Amino acid sequence: VNHPRGLLVLDGLLYDLPEQRQAVALPEGSDAQVLAELIALHGVPAALARVNGDFALAWLEADSGVLWLARDPFGMRPLYHARAHGCWAASSQPRGLLTLPGVTATPDRGFLVRYGAMHYRMIDNVPERSPYADIAQVPAATAVRLNLEGDVTRYRYWSLTNQPDFTGSETELAESYRALLLDAVARRLARFPNCAFTLSGGMDSSSVLACAVRLEGPQIAYSSLYEDRTYDERDDIAAMLACHVADWRTVLLPNVIDLVAEVDRLIALHDEPVATATWLSHRQLCAQAGTGEFDALFGGLGGDELNAGEYEYFPFYFADLQQSGQQDRLAREIAAWVRHHDHPIFRKTPDIAQAAIARLTDARRPGVCLSDRERLGRYLHLLTPEFAADLDDDPVMEAPFASCLNNRTWQDLSRETLPCCIRAEDRHGAAYGIPPVLPFLDKRLVTFMYRVPGSMKIRDGVTKRLLRSAMKGLLPEATRMRIKKTGWNAPAHIWFRGRGADELRDLVHSKAFRELELYDQKKVIAIINDHERILSKNSLEENHMMFLWALMNVLRWRESMLA
C-alpha cells in the first residue's frame, strides 16, 4: 500500500479489521490500508499495540527513508533482515537474503551450540539472532527501526505484565474463556471460511475443532498416525470422530523411512535445522492437505502454554504453593501427581518433586524460574573444546510475573517451545499453500489466561482445568476428562536404529562433520551406539532420539550449505 506517509508491505491480516476500520474511518479499507492509516496516525510501535492479527510487515517512511520491520505478538509470520553494501534488505526466509552480495551462509556459532548440543528449546533464546551469522531475525512483538546509517533499534511494542489473579469463580471464568475461544475461532473462520483442521488426541486441537463445530457444524480433519504405536493417538482421536468430523483424513508414517531424504526435504523448506521430528509428520500432513482444496489449516498450537498442559509444568505449580506457604495443599498435589503420572522411566515421587522445585526455581526470589541445567547439559560433553568455549553463561529467563508457573509458560511462549514451532508451521504452510491458523494465540485470550489462578490450570494432578470446564458440552467427555497425555510427537527413536543409525554413522565420518568442527567424533558415535543398545534391550532409560534428530539436521544443513 502506497500511503502519503510511507510504503507498507504486509504479509498477514487483522482479526479485528472491522473495529480498526471504524477507528480510522475507512469502512471499505483492506488490512494493509487500515494498518497503513494506523501507522500514519500513531507510529509503528503504537499502531501495532492496538491491533489483533497475524502479520509481518515492512514500513518505509516517505520523508526519512527509515525502514521499519515488525511481527505480530507471537511471531506467526517470520521476518529477517541483513545489511548488504550499505543497504537494508528484508525477507520472510533467510534464502531471500543469502543471495545478496556480502551475505554469507556462515553459521551463527551461538546457534550451533544451542541447537546442536543443548536442546531445540534454545534455538530462539536469543530471538534477534538467526542460524546465520550475517542475518538477524525480527523478534515477535517487536518493531525494528533501521536507518540509512545502518543503526538498528528494537522496540518491544507488546508484552504482559504482572496483574492480580481474577477473583471470579471457576464457573464464571470458564464461561468467559469459552466465549473468548469461540470468538477467536469465529473471527478466523470469517477470514478463512474454506479451511481444514489438524486433530490429535489431545485437548488443544480438539477444542479448536469443537468450537468450529459449534459455530458451523462438523469439519474436515487431518491426523498423523504411526505404524509404531508409541506416539500414535488414533484411539484417543476416536471419540471426536462421530459428531465433530465430517471427513477424517489420515497420514500414516511407517517404521522404516528414508530419513536422510526426509530431513533434506525439510531443510530445503526451512533454510535451517528443524526443531523436532514432529515436523516431519507435519510436513507430510500439509503436503496432503495443501492441494488447493483449503485456504488454511487450523490447529491447537499454544494451548499447552496457555493452559499449563505439559507434564513439566507441575514443579512450577508446586513451587508457587511452597513459596506461598500452602504446605498441606502442596503435599496433596504432589501425591496426586505421583498417582496419575508416575512412569517407569520418568519417575514421580515426593523426593523427585522437591528436587525439581529446588533445581528449577529460586527459593530466594519468589516466581523466578531457573534454566534446567540437567536437560541442557546432557550432551555438552560432545562439543569440541573450541565450541565449548562459546557456551553462554545462562539462557535468558524472563520473569515478568510473580508466579513460577506463569513465568515458565511465558518462557515457552516467548523464547522456547513456541517460536520454533510456529516457524515450522509457517514454512510448511507457505510451501503447500495452506497457512496455519492458531486461535489459542489470540492476543485477548493470552492476556486473559495470564490472570487465571494456577489452581485453575493445574489441580489434583490434572492439567488444563479451566479449559476442561470451558469445553463442557462442546467436547466428548472421553476427550475432555482424559488425564494421560501422549503429546504430538513422532517415533524418531525407531528411525535412528538399524539403517537410520548406520546413516548417522556415515554422516559422522563425512566432510560436513569434519568442517563443522562442532562435535567430538568418538563421543558422538558412542551416543549412537548407546541409543541402539537402549532400544534393543528395551531398557528403562531415556533414549537419545532428540539429540540424534538434532545431529542429523545440523549435519544435513551443513552439507546443503557446502553444496
Side-chain angles (χ1 to χ4, degrees), residues 12 14-16 20 35 38-39 42-57 59 68-79 121-129 136-145 152-166 180 184 301-308 313 316 320 362 365-371 394-423 438-454 457:
L14 306 180
Y15 293 117
D16 57 353
Q20 298 302 340
L35 199 49
L38 283 167
I39 291 171
H42 305 289
V44 174
L48 299 186
R50 294 167 178 260
V51 302
N52 184 11
D54 299 340
F55 54 81
L57 64 84
W59 169 260
W68 288 86
L69 305 174
R71 293 169 73 194
D72 66 79
F74 308 105
M76 286 292 295
R77 303 287 191 271
L79 188 57
R121 289 170 167 271
M122 293 294 101
I123 297 175
D124 288 273
N125 189 254
V126 186
E128 64 272 16
R129 295 302 308 149
Q137 182 176 203
V138 178
T142 300
V144 180
R145 184 181 187 273
V152 180
T153 310
R154 296 180 180 89
Y155 299 86
R156 181 75 178 260
Y157 68 81
W158 182 85
S159 188
L160 292 179
T161 58
N162 190 60
Q163 299 291 325
D165 283 349
F166 289 128
L180 276 169
L301 200 63
D304 275 327
E305 290 81 1
L306 290 196
N307 298 289
Y313 293 142
F316 302 97
D320 286 338
D362 190 335
R365 296 180 293 165
V368 173
C369 302
L370 304 176
S371 60
D394 249 329
V396 175
M397 301 288 293
E398 294 188 58
F401 306 104
S403 156
C404 289
L405 181 60
N406 276 352
N407 283 327
R408 179 63 254 183
T409 58
W410 179 255
Q411 180 78 8
D412 284 347
L413 201 68
S414 61
R415 289 183 183 268
E416 294 196 14
T417 56
L418 203 65
C420 59
C421 292
I422 286 177
R423 194 161 55 249
L438 306 176
F440 277 113
L441 297 181
D442 188 287
K443 189 166 71 171
R444 302 163 304 154
L445 191 59
V446 174
T447 302
F448 174 86
M449 285 306 295
Y450 275 88
R451 294 191 62 188
V452 169
K457 296 179 180 178

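When a residue number appears, it is its place in the shown sequence, counting from 1. All values derive from a computational prediction rather than experimental measurement.
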*Please step through side-chain contact (heavy atoms from CB on, under 4.5 Å) for the pair L38 and V51, ending with a clear verdict.*
CA-CA 9 Å; L38 283 167; V51 302; 3.6 Å; yes
4.5 Å side-chain heavy-atom contact, [X] and [Y]:
X    : Y    : answer
L69  : T142 : no
R77  : D54  : yes
L441 : I422 : yes
R129 : Q137 : no
N307 : K457 : no
N52  : R444 : yes
P419 : I123 : no
D442 : L180 : no

Closest contact, heavy atoms only, [X] versus [Y]:
X    : Y    : answer
G75  : A140 : N-CB, 3.4 Å
P127 : N125 : CD-O, 3.3 Å
S414 : E398 : OG-OE2, 3.4 Å
F316 : C404 : O-CB, 3.6 Å
P400 : L160 : CB-O, 3.8 Å
V44  : A143 : CG1-CB, 3.9 Å

In Å, rounded to the nearest 0.5 Å, how long is the span from [atom1] of [X] to [atom2] of [Y]?
X    : Y    : atom1 : atom2 : answer
W68  : I39  : CH2   : CD1   : 10.0 Å
L418 : E305 : CG    : CD    : 5.0 Å
D72  : L48  : CG    : CG    : 9.5 Å
L14  : Q20  : CG    : CD    : 6.5 Å

Does [X] use its side chain to pair, donor to acceptor, with the backbone of [Y] at less than 3.5 Å?
X    : Y    : result
T409 : L405 : yes
N162 : A402 : yes
D362 : V368 : no

_For W410 and Y450, take the angle between the two ring planes, folded into 0 to 90°, and tell me which bin it lands in: parallel under 30, tilted 30 to 60, perpendicular over 60._
perpendicular
*Mind telling me whether W158 and F74 have parallel, tilted or perpendicular rings, with 30° and 60° as the class edges?*
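Rings of F74 and W158: perpendicular, as their planes differ by over 60°.
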Taking the basic N atoms (NZ, or NE/NH1/NH2) and the acidic carboxylate oxygens, is any pair closer than 4.0 Å for [X] and [Y]?
X    : Y    : result
E128 : R154 : no
R121 : D412 : yes
E416 : R408 : yes
D16  : R50  : no

*asked:* Evaluate V396 against R415 for side-chain contact (heavy atoms from CB on, under 4.5 Å), listing each step before the verdict.
replied: CA-CA 8 Å; V396 175; R415 289 183 183 268; 3.5 Å; yes
_Cation-pi geometry met for K443 and F55 (6.0 Å, 45°)_ =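 No, K443 does not lie over the aromatic ring of F55.
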*Assess whether side-chain contact (heavy atoms from CB on, under 4.5 Å) is satisfied between Q163 and T447, documenting all intermediate values.*
CA-CA 10 Å; Q163 299 291 325; T447 302; over 6 Å; no
